[in-house]
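Read through the structure below, which is laid out as structure tokens, and then see the notes.
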Amino acid sequence: MLKTRQDKRDAGRIVVLTGAGISKESGLDTFRDADGIWSKVNLEDVATPEAFERNPDLVHSFYNSRREGLHDPALQPNAAHLALARLEREWPGEFLLVTQNIDDLHERAGNRHLLHMHGELLKARCLACSDVHEWPHDLDTRSRCPGCDQRGQLRVDVVWFGEMPYFMPEIYAALAECDLFISIGTSGVVYPAAGFVEEVRALGNGHTVELNLEPSEGYSLFHEVHQGPASELVPEYVGRLLAREML
């Protein structure tokens with residue numbers, strides 16, 4: 001029997017936020033750790049609109065290298081990614097996964113109700129016509145937009161410093177209605193994502209849970225905080241959640 005929208009609401013609405021910590025366990029470098037990417041590269045040189053205007057070749061080279069890493073056969077979704085795909089698949093209520101990550105590991109694991117608030121490394125956006133295209137290979141200043149046919153106007157479809165994250169109206173609408181908010185592998189220092197727990201708490205309706213290797217900057221705002229590797233914590237928490245099936 002198909003579940004109606006009311007059935008889904010009665011079961012409880014879940015919003016999950018994921019950050020770099022979940023992908024780190026698959027082998028991807030984080031940006032903000034002591035030995036992360038921003039400790040080796042100046043973000044002002046590769047992650048701002050001004051950097052792209054000043055030196056597009058350098059910016060393209062930086063993201064081409066990141067993109068190449070996603071094609072490494074050794075890079076695979078870990079147990080935390082797979083558990084979230086299971087949660088989406090088996091949860092009888094509404095489910096939304098919001099990720100700060102620009103990789104495609106959630107998609108590979110099987111998640112479909114997914115918003116990439118910081119964009120996607122495997123997509124390109126045209127500055128001339130604003131079209132967004134799947135782009136699994138290298139970009140350079142000679143790359144031609146499949147939409148408007150202009151050269152040199154494509155950039156990686158990643159949200160840079162100084163730009164507005166994607167899907168904010170949809171995310172805030174989901175936070176306003178959620179019964180459970182789960183934050184996984186986030187530092188709690190990057191806004192607006194760091195403020196999502198406050199959004200949920202301010203409305204007083206949702207239970208909030210942090211699953212993190214170590215406490216985030218905003219850990220004290222959560223009702224529950226669990227420490228440990230995401231690949232261990234997330235499957236365990238998802239298993240318990242599905243076993244009781246109701247919030």
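If you read the sequence from its start, that first residue is 1, and numbering goes on from there.
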Sorted by chain and residue number, the ring pair (Phe, Tyr, Trp, His ring centres under 6.0 Å) partners of Phe95 (sequence neighbours excluded) come out as none
Distance col, row Leu105:CG vs Thr18:OG1, nearest 0.5 angstrom, shows 10.0 Å
Next item on the list: May I ask you to check if Arg66 and Phe62 form a cation-pi contact, with NZ or CZ under 6.0 angstrom from the six-membered ring centre and within 45° of the axis?
Entry: yes
### Query
Side chains of Asn78 and Ser231: do they bring a donor and an acceptor to under 3.5 Å?
no
Salt bridge (charged side-chain N to carboxylate O under 4.0 Å, His left out) pairs touching residues 135-161, sequence neighbours excluded, are Arg125-Asp157, Asp140-Arg142, Arg144-Asp149, Arg155-Glu163
Would you check if Leu213 and Lys24 make a side-chain contact, meaning some heavy-atom pair closer than 4.5 Å? no
Next on the checklist: A side-chain contact here means heavy atoms from C-beta on lying under 4.5 Å apart; do Val16 and His113 qualify?
Outcome noted: no
Sub-4.5 Å side-chain heavy-atom contact between Ile184 and Tyr237: no
Please examine the side chains of Asn64 and Leu139, heavy atoms only from C-beta on, and report whether any two atoms are closer than 4.5 Å. yes
Members sharing Met164's hydrophobic cluster, built from side-chain contacts under 4.5 Å between Ile, Leu, Val, Met, Phe, Trp and Tyr, are Val15, Leu17, Leu96, Val98, Leu115, Met117, Val159, Tyr166, Phe167, Met168, Ile171, Tyr172, Leu175, Phe181, Phe196, Val197, Val200, Tyr219, Leu221, Phe222, Val225
Quick one: does Asn101's side chain get under 4.5 Å of His116's, heavy atoms only? no
Any side-chain heavy-atom pair of Thr99 and Asn111 under 4.5 Å: no
If you apply the rule side-chain contact (heavy atoms from CB on, under 4.5 Å), what do you find for Ser183 with Ser216, and how did you get there? CA-CA 10 Å; Ser183 177; Ser216 70; over 6 Å; no
Margin query: If we ignore hydrogens and angles and just use 3.5 Å, is the side chain of Thr208 paired with the main-chain N or O of His223 as donor and acceptor?
Written below: yes
One should read off an interatomic distance between Asp57 CG and Thr141 OG1, to the nearest 0.5 angstrom, of 5.0 Å
CG of Leu58 to CG of Asp45, rounded to nearest 0.5 Å, is 6.0 Å
